[in-house]
Amino acid sequence: MSDSSSDDDIALSKRNKASLNGNGKKRKKINSSDDDDDVPLSKRIATPPASSPLKKRKTEPKSKSTSKNGTSKKDVKEEPITPKKATVKKSTTSPTKKSTTASKKAVKKDDDKDKDKGKVKISKVKKEEKEDTPSQSQQPEEQEDEETYKWWEAEDLDGEVKWDSLEHNGVLFPPEYEPLPSHVKLWYSGKPIDLPPTAEEVAGFYAAMLETDHAKNEVFQKNFFEDFLQVIKETKDDQLRSTIVSFDQCDFSKMYAHFEQLREEKKGLSKDEKKRIKEEKEKLEEPYKTCYLNGRAELVGNFRVEPPGLFRGRGAHPKTGKLKRRVFPENVTLNLSKDAKVPPPPPGHEWGEIRHDNTVTWLAMWKENIADNLKYVRFAASSSIKGQSDFKKFETARNLKNYVDAIRKDYTKNLKSELMQERQLASATYLIDKFALRAGGEKGDDEADTVGCCSLRFEHITLKPPNIVVFDFLGKDSIRFYQEVEVDKQVFKNLRIFKKSPKGPGDDLFDRINPSILNKQLQNYMKGLTAKVFRTYNASKTMQDQLDLIPNEGTVAEKLVKFNAANRTVAILCNHQRTVSKSHGNTVQKINDKLKEFLWQKIRLKKMILLLEPNLKKKDKKYFEEIEDLIKEDEEYIHDLVITRQREQVLKKMVRDNEKLKSENEPLLTEKSDSIKEKLDKIKELEDDYKKELKTGKPVMRKTVTVEKLKQQIETIETRILNTTLQLKDKEDNSEVSLGTSKMNYIDPRLTVMFSKKYDVPIEKLFTKTLREKFTWAIESADKDWRF
DNA sequence: ACTTCGACTTAGTACATTATAA
DNA sequence: TTATAATGTACTAAGTCGAAGT
């Protein structure tokens, strides 16, 4: 069992195979999507091709042990940080002194009062009445009720130092592994196997995912199994080691079934019990949720250490399925004030490192073992520190409008530059500006092969004279970017040059530039300008323009629809997608059936009118024209639909009633029971009527009606048809577009606030609670006339 | 000059909760 | 009231970008 060393080979042999031509570092990968040659526009191909699309959702038991593990957590929380009383920071602390040394990190952290940042004025000092109850009980509620710190009314900070004091209670570790009950085992070669807990845990990770697409992915299986073998090796159980050698012999289904059962049980819990469990969980988390930044309470974002599991890489990630190992306190570095109390590590453990670096904003950090990346515990999105940088981001983007004309003019000119590098820079900037591409840094062979602007390769664009470019590549998260667009003539020419031989598939389109060069160039125009600013700028600009088109009229619901439509144009610009839910096809089918049925009803009613007054047909030809639209097959189909549905309803109700009767020990109903039979007979009668109708083409009328009434009914149905049609269209339009990402990251929230105020649409309809908290600064600072 | 590292933002998906239809 | 669909949140992977390292 070679361990890690072999990762690379496995990792998608297919993909790397191709890479030879071009210079060494270039990767090649021509068919990112073997199987989807003609996927409809912008359909993602990230997901593994095979796999049955209609699989019902399987949830994998997240981490085993539903139980309240008994680990040490509690001990830890015994002393949450003391509420640090109000630290009234004098508003005017040393006004700006420019941070002297440019970059020394960690140099000036801690408490020397003369930080550079200075000038944060506290507009409202929070008082903490709780001070006398030092321990656990500082409830967030109380604190929330107090005035929150309005940093946006304070002066800005600018500089290296991010805080003056920082206190927190560390991080929450996942519960220890609890071995499965003895009757649940991994089976191998048809026999149950005893696994030591560490190995069983890993097997369980896979078992829990058995019905997911991941588990069916070969790379995933390979990576998982390799690491599984490695863990077995680490157990030093030589016999076991020699037993388990082949993935194909492993049968995880028993374990899977067990997890399913646990899930069911959990679902079946009574309300009270669920509530109790939840409360317990909250209590456990309590101490970690809040920290103190410069003496003020702030929420922590991800205070939970990521639990071990199998790495779920997106797209064709070479490392997908590898074991993400458990993180121990020894792996964790905490960051807090020098004079802050260091939270006690879980009993029997030590913290890896304690740091006091006030030039960064993370509270804790550890290194993950898949790609050796750092993972951070940070402040929540609603925190002042995040809010400030968010604000800054939008102000930078907003500032771009003062420069964008010049920049565009320049790059248009430079499209013809004699210098290849300049020409490439100009062309790349054009693409970023026009199509909202990302910068596109280099990626390694041990990552999914995705690209952005600077890393576009030969095969990612196709040129169609005179000036059409077809983009087709996988971007961030392996989301497909497919667009057929018209471009500037000169850009088209340039792209053709950039593709000229000897370049071929696998070669970089922009071989003279990279994001670093590009950004450096952009900085010349404006401080803080980088490639990603264009995405923010263009997104917000687009939103502003779209909102400007909306008339201030109609109901709230109508205005909301328009707002969402504007939001959608932005999402489409940024290529924000989501997978269509596997039930989507079904849903659409259902709606279509509904529509058909409405139509049928309508026509049927019209026929009735004619039965009552045949001469109307000549009088109002148009009105009755559509009767011909209904073809026999459809009619039959709908009859069947209606009849089947009614029967099912009756039977379903019977089943439900029976459950009640059963518990009361009453005799059960059957299809023979009088009440049921009566209903069924009626349906049968209806069915016969329909059959007759089908033959004669004349609806059977059992009740007396008037033409007036029928016309009225028709009208009702018509509005229903209209509504349903709209609903369907909306659903289709939206099914693969994700509005959330742009709302959260790209559209200046002040635009949304402006819309809310100007159009009188409650902000609750536009921002969810979390977004309202994140964007409090915008809600309080923008008015109805605000402009991006 | 280029690569790697560190810290931060952006992103889709899995799961939980709430709203709506039946 | 219950089943299902829509919406919202938690989670963590995957980007960007500046600075350190070589």
Side-chain angles (χ1 to χ4, degrees), chain A residues 25 44 46-47 57-62 102-105 162 209 212-214 263 267 274 278 301-307 309 311-315 317 319-320 324 335 357 359-362 365 367-368 370-376 378-381 385-386 389-390 392-393 438-444 447-448 450-455 475-479 514-520 522-523 528-533 535-536 571 574-579 581 583-584 586-587 590 594 645 648-649 652-653 656 660 731 734 738-742 744-746 767-771 773:
Chain A
K25 57 157 52 146
R44 75 171 18 160
T47 48
R57 139 164 324 190
K58 230 64 187 220
T59 11
E60 34 246 89
K62 240 204 149 126
S103 49
K104 66 303 87 230
K105 246 170 170 191
K162 305 289 185 25
M209 300 173 70
T212 65
D213 287 346
H214 279 124
R263 238 162 49 86
K267 213 163 58 179
K274 278 186 192 157
K278 199 172 164 193
N302 54 330
F303 50 82
R304 221 184 292 274
V305 169
E306 293 177 18
F311 174 67
R312 294 145 117 102
R314 308 206 175 139
H317 194 122
K319 294 193 172 184
T320 194
K324 201 166 88 163
N335 188 34
D357 184 352
T359 67
V360 296
T361 62
W362 49 267
M365 175 264 276
K367 189 172 250 182
E368 147 274 333
I370 301 293
D372 269 3
N373 287 324
L374 299 174
K375 297 278 195 165
Y376 299 91
R378 323 179 138 277
F379 287 93
I385 226 166
K386 289 280 191 134
S389 66
D390 220 28
K392 238 183 186 160
K393 172 184 82 183
R438 297 186 182 82
E442 267 304 299
K443 294 193 71 188
E447 300 172 274
T450 62
V451 300
C453 185
C454 293
S455 48
K476 183 178 180 180
D477 292 307
S478 293
I479 296 299
N514 60 41
S516 169
I517 296 173
L518 189 112
N519 284 334
K520 227 159 259 165
L522 292 175
Q523 316 268 354
L529 184 59
T530 62
K532 83 196 260 285
V533 177
R535 265 170 84 81
T536 314
C574 296
N575 199 40
H576 289 144
Q577 301 186 22
R578 60 176 182 172
T579 35
S581 71
S583 63
H584 180 254
N586 257 334
T587 315
K590 254 189 228 160
K594 198 154 89 179
R645 186 175 61 214
E648 270 170 8
Q649 271 170 1
K652 238 189 221 162
K653 179 157 189 326
R656 230 180 309 141
K660 202 183 280 169
K731 204 158 236 148
N734 255 339
S738 165
L739 305 190
T741 306
S742 49
M744 168 147 56
N745 299 306
Y746 287 102
F767 283 150
T768 64
K769 182 155 89 58
T770 18
L771 280 185
E773 282 161 8

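Naming convention: chains lettered A, B, ... in sequence-line order (proteins, then strands); numbering from 1 in each chain.
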Please work out if [X] contacts a base, only the sugar-phosphate, or nothing of the nucleic acid, heavy-atom cut-off 4.0 Å.
X      : result
A/R378 : base
A/G440 : sugar-phosphate
A/S389 : sugar-phosphate
A/G313 : sugar-phosphate
A/Q523 : sugar-phosphate
A/K520 : nothing
A/K476 : base
A/K274 : nothing

Between the two ends of the helix from B/dA1-C/dT22 to B/dA22-C/dT1, what is the bend in degrees, rounded to 10 degrees, where each end axis spans five pairs?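 About 10°, once rounded to a multiple of 10°.
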
Which whole-number value in Å describes the distance from [X] [atom1] to [N] [atom2]?
X      : N      : atom1 : atom2 : answer
A/E447 : B/dC5  : CD    : P     : 12 Å
A/K367 : B/dC5  : NZ    : P     : 7 Å
A/I517 : C/dG18 : CD1   : C1'   : 15 Å
A/R578 : C/dA6  : CZ    : P     : 9 Å
A/K594 : C/dA5  : NZ    : C1'   : 12 Å
A/Y376 : C/dA13 : OH    : C1'   : 15 Å
A/I385 : B/dT9  : CD1   : P     : 10 Å
A/R314 : C/dA14 : CZ    : P     : 6 Å

Is [X] close enough to [N] that one of its side-chain N or O atoms is under 4.0 Å from OP1 or OP2 there?
X      : N      : result
A/H317 : C/dA14 : yes
A/N519 : C/dC17 : yes
A/T741 : B/dG12 : yes
A/R438 : B/dA11 : yes
A/Y746 : B/dA11 : yes
A/R304 : C/dC11 : yes
A/T450 : C/dG15 : yes
A/T770 : C/dG8  : no
A/K386 : B/dT9  : yes
A/K375 : C/dA13 : yes
A/K393 : B/dT10 : yes

Would the distance check show the side chain of A/N519 and the main-chain N or O of A/A531 forming a donor-acceptor pair, the cut-off being under 3.5 Å?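 Yes; judged by distance alone, with no hydrogens or angles, the pair exists.
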
Using a 3.5 Å distance criterion without hydrogens, assess whether the side chain of A/K386 forms a donor-acceptor pair with backbone atoms of A/R378.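 Looks like no, no N/O pair under 3.5 Å.
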
Heavy-atom check, side chain of [X] versus side chain of [Y], under 4.5 Å:
X      : Y      : value
A/E306 : A/E368 : no
A/K393 : A/V533 : no
A/N335 : A/M365 : no
A/L374 : A/K367 : yes
A/H576 : A/Y746 : yes

Relative to the 5' end of DNA chain C, which residue comes earlier, A/E368 or A/K769, by the nucleotide with the nearest heavy atom?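 Here A/K769 is the residue nearer the 5' end.
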
Let me spell it out: for each of A/A531 and A/T768, pick the nucleotide of DNA chain C with the closest heavy atom. Which residue's pick is nearer the 5' end?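 Checking each residue's closest nucleotide, the 5'-ward one belongs to A/T768.
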
Pick the closest DNA chain B nucleotide for A/M365 and for A/S742 by heavy atoms, then say which residue is nearer the 5' end.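 Its nucleotide being nearer the 5' end, the pick is A/M365.
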
Nearest-nucleotide comparison on DNA chain B, the residue closer to the 5′ end among A/M744 and A/K278: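 On the 5' side of the pair lies A/M744.
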
Answer yes or no: are there more than 12 heavy-atom neighbours, outside A/K520 itself, under 6.0 Å from its atom NZ?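 No, NZ of A/K520 has 12 or fewer neighbouring heavy atoms, counting only those of other groups under 6.0 Å.
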
Choosing from [options], which nucleotide comes nearest the side chain of [X]?
X      : options                : value
A/E306 : C/dA13, B/dA11, B/dA7  : C/dA13
A/W362 : C/dA13, B/dC8, B/dA11  : B/dC8
A/F311 : C/dA14, B/dA11, C/dG18 : C/dA14
A/K162 : C/dT12, B/dT13, B/dC8  : B/dC8
A/K532 : B/dT9, B/dC8, B/dG12   : B/dT9

What pair of heavy atoms forms the shortest contact from A/R314 to A/A448, and how long is it?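 Taking every non-hydrogen atom into account, O-CB, 3.9 Å.
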
Check the orientation of A/W362 and A/Y376. Use parallel for under 30°, tilted for 30 to 60°, and perpendicular for over 60°.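 Plane angle between 30° and 60°, so tilted.
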
